[in-house]
Amino acid sequence: MRADGMFIAVDVDDAAAADTDLARRLTEACPVDIYAQADDGTLELVERNLDECVLCRLCLDATPDGAVQVIKLYDHDAVLA
């Protein structure tokens with residue numbers, strides 16, 4: 001699943017988005033509420049909050065490598081590493 005804002009995009013691996021434990025960890029980790037859990041526990045991206053991202057990397061630290069990508073649209077689609 002991917003959502004694009006004006007400045008960043010967030011891409012979450014489909015298997016990771018379906019993992020309710022991972023969705024909970026992302027929801028708890030993000031200080032600007034980009035991630036939320038649907039009623040069934042799976043991950044939702046809150047598109048209106050995408051451009052509030054402060055590039056803190058907490059979502060990357062809370063998930064296995066490659067599960068989440070933060071893409072800097074303003075920097076020629078560079079991926080936050």
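Computed over heavy atoms, backbone and side chain alike; hydrogens, waters and symmetry mates excluded. Here, residue 1 is the first one in the sequence, and each next residue gets the next number.
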- Cluster question for you: counting only ILVMFWY and a side-chain heavy-atom cut-off of under 4.5 Å, with indirect links fine, are Leu26 and Val79 together?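 No; Val79 is not reachable from Leu26 via cluster members.
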- Task: Find out if a path of hydrophobic residues (ILVMFWY) with successive side-chain heavy-atom gaps under 4.5 Å connects Leu55 to Leu58.
- Result: no
- Task: Say whether, by atom type as modelled, one donor and one acceptor occur between the side chain of Asp51 and the main chain of Met6 under 3.5 angstrom.
- Result: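 Here the side-chain-to-backbone pair exists.
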- Main-chain N/O of Val70 paired with Asp11 side-chain donor or acceptor, under 3.5 Å: no
Taking every non-hydrogen atom, the tightest pair across [X] and [Y]:
X     : Y     : value
Val12 : Ala17 : CG1-N, 3.9 Å
Phe7  : Tyr74 : O-CD2, 3.1 Å
Met1  : Leu43 : CE-O, 3.3 Å
Ala81 : Arg57 : O-NH1, 2.5 Å
Arg2  : Ala9  : NH2-CB, 3.5 Å

- Item | Approximate separation, where rounding is to 0.5 Å, of Arg25 CZ and Thr27 OG1 |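 Those atoms lie 11.0 Å apart.
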- Message: I need the Asp13 CG to Asp65 CG distance, nearest 0.5 Å.
- Response: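 Rounded to the nearest 0.5 Å, the CG-CG separation comes to 12.5 Å.
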- Item | Residue from Val68, Leu80, Val10 passing side-chain contact (heavy atoms from CB on, under 4.5 Å) with Cys59 | Val68
- Query: Partners of Glu28 by salt bridge (charged side-chain N to carboxylate O under 4.0 Å, His left out), sequence neighbours excluded?
  - Reply: Arg24
Using atom types as modelled, flag every donor-acceptor pair under 3.5 Å from a side chain in residues 29-37 to any protein atom, sequence neighbours excluded.
from  : atom 1 : to    : atom 2 : distance (Å)
Gln37 : NE2    : Thr20 : O      : 3.3
Gln37 : NE2    : Gly41 : O      : 2.8

- Steps toward side-chain contact (heavy atoms from CB on, under 4.5 Å) verdict (Ile8, Ile71): CA-CA 5 Å; Ile8 70 151; Ile71 302 158; over 6 Å; no
- Do the side chains of Pro64 and Leu22 get nearer than 4.5 Å, heavy atoms only? yes
